[in-house]
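All residue numbers in this chain count up from 1 along the given sequence. Every number for a ligand or one of its atoms is a count from 1 in the order of the listing.
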Amino acid sequence: MDIPFNKPFFTGKEAHQVAECAYTGKISGNGVFTKKCHRFFEEKYGFKKALLTSSCTDALEMAALLTEVGEGDEVIVPSFTFVSTANAFALRGAKIVFADVQKDIPNIDLDEVEKLVTPKTKVIVVVHYAGVAVDMDRLMAIAEKNDLLVVEDAAHAIDSYYKEKPLGSIGHFGTFSFHETKNIICGEGGLLAVNDDRFTERAEYIWEKGTNRAAFYRGEVDEYGWVDLGSSFLPSDMTAAFLYSQLQEMETIQQKRIAIWERYDECLKPLKSEGKIYYPDVPDYATKNGNMFYFTVANRKKRDKILSKLTKKGILAVFHYLPLHESKFFKDKHDGRELPNTQIFSDTIIRLPFFVDLAEREVDRICEVLKGML
Ligand SMILES: *Cc1c(COP(=O)(O)O)cnc(C)c1O
C-alpha cells in the first residue's frame, strides 16, 4: 500500500457542525462560528484581534494593505518560502528584497536582515519554517531600532512558541493557513492576527470590503458604508464551522503530530549522527509543533535519487520551495546577490509523509527503507 505525502485528518464532527451552520440559515461571513473561532484564537494565543480569512495568502494581503507599503518602499522577505509571502507585498508595488536563510535552519538569517535594512525598508516578513521560531527578540529589536513593521508568516506555526510566547502573537501581524496540508484545516482558510492596537479597527474595515459593517452588526454605528479600502477577505460561516470542529480537537491533533515527529526523530537519529542526513535540533527558545518532518542530504543528485527510489517503494516524499529570487517572475528584478543557503536547502531537502493518521508501523517502514538506501 502506498503511503501518501499528506492525508487530511477529519475529527468526524465537521459535517455535523457545517450542517448545524446551514440549518441556522446564516451562512455568509462573520456569523456565529466565525465569532467562536475568533474568540478561540484571541483567548488561547492572546492575539489582540483575530480575523478569519479565506487563506493565509489573503491574511498576508491584508497585512500588506495594513502596513501601507507601496512603490518606493522595501520589504525584506526570505527567498526560501511559499510564493504568497512575497507576492502579497509585490502586489502593493513594494520592492521585495530577498534575504538568505540560516545555514543550519531554513529560517531568515537575521545577520543578513540587518545588512539589508535601508532608509526605504518598511517591513520585515519572516517564516517560522516547520513551526520552529525565528529568534523573535532579536528580530523585534532590529525592527524597533529601524522603525519597521514585522509580519510573521506563521502558516507552519500554529500552536508553536518562542520563549513561551505563541508564534503569530509577537510581530505586529501574524498570518496562519488552514489549507488541507497544514496542522489544522478547513480546505482553504487562514487567519490574520493583529497584535498592535493601531491596526485593529482598520483591519476589520479591510476585511469587510472597506466597510464598517462589522461595527454596524455590533450596534456601534447606525448604518454602514464605505470607510476605507478593502476587499472580501472573510470566509463563509460554513468554513468557520468546519474549522471550529478542528479547533475543538486541536490538542489531540497536535499530540498525534508531535508523536509522529518524535518517532521519525527516534528512527532517523542514527543516520543523522553518522552524517548521512541533516536536520536541525530545535533551538532552546523554540518548540516543535509537528508541522512536518524534513531532512537534507549531501547534494541535489542524491536527493533526487532518494525521492525517486522512495516513490518506487510507494512512499511519496516531496521537496519544496524553489528559491523565489530565481523564479520566473522575479529573477530579472533580483539584485544579483547569491543566497547560498536558500539554494542548498532547496536542492537537498526531503519532506517525508506526515499526517495525523500515519501509523507508527508506516513511519518505521519509511525509516527502514531510508536506512537501506543511505
Ligand atoms: C501554506 C503556506 C502559505 C499559503 O497558505 P494558503 O492558506 O494556501 O494561502 C503561505 N506561507 C507559507 C509559509 C505556507 O506554508
Side-chain angles (χ1 to χ4, degrees), residues 5-6 8-9 37 41 50-65 75-91 96 98-102 105-108 123-134 136 139 150-160 162 167-168 171 173-193 207 231-236 239-240 242-243 246-247 257 286 288-294 318-325 327 329-330 342 345-346 349 351-352 354-355:
F5 172 68
N6 181 56
F9 171 74
C37 291
F41 285 110
L51 291 169
L52 286 191
T53 57
S54 298
S55 62
C56 183
T57 302
D58 266 1
L60 285 159
E61 285 174 24
M62 284 185 70
L65 278 162
V75 178
I76 300 174
V77 183
S79 178
F80 190 70
T81 181
F82 189 67
V83 179
S84 303
T85 320
N87 182 69
F89 295 86
L91 265 178
I96 306 300
F98 281 115
D100 205 358
V101 290
Q102 294 169 219
I105 302 180
N107 276 347
I108 197 163
V123 180
I124 308 174
V125 191
V126 301
V127 176
H128 304 293
Y129 187 82
V132 171
V134 167
M136 290 306 290
L139 173 66
V150 170
V151 179
E152 299 177 68
D153 180 343
H156 302 175
I158 195 162
D159 204 42
S160 204
Y162 172 78
L167 298 185
F173 305 101
T175 66
F176 293 87
S177 175
F178 309 119
H179 183 266
E180 87 170 43
T181 52
K182 316 289 181 182
N183 290 38
I184 302 293
I185 62 172
C186 62
E188 301 278 357
L191 178 86
L192 176 71
W207 187 60
S231 191
S232 187
F233 287 112
L234 69 178
S236 124
T239 296
F242 191 110
L243 181 67
Q246 294 250 323
L247 294 177
R257 294 186 72 106
K288 57 177 183 289
N289 70 339
N291 172 260
M292 67 167 97
F293 193 92
Y294 71 92
V318 302
F319 68 93
H320 73 166
Y321 295 158
L322 298 172
L324 291 178
H325 70 287
S327 60
F329 175 73
F330 202 82
T342 298
F345 274 109
S346 178
I349 205 161
R351 296 175 59 195
L352 296 175
F354 206 105
F355 48 90

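Remark: F89 pairs with no residue by the ring-ring contact (aromatic ring centres under 6.0 Å, His included) rule, at least two apart or across chains.
Judged purely by distance below 3.5 Å, without hydrogens or angles, the side chains of T85 and D153 pair a donor atom with an acceptor atom. In the model, N183 has a side-chain atom that pairs as donor or acceptor with a side-chain atom of N291 under 3.5 Å. Residues H179 and T181 bring a donor and an acceptor atom of their side chains to less than 3.5 Å of each other.
In this structure, ligand 1 sits under 4.0 Å from heavy atoms belonging to S55, C56, T57, T81, F82, T85, V127, D153, A155, H156, S177, H179, K182, G189, Y321.
Taken to the nearest 0.5 Å, the CG atom of L52 stands 9.0 Å off from the CG atom of L234.
Under the 30°/60° scheme for interplanar angles, the aromatic rings of F82 and Y321 are found to be tilted.
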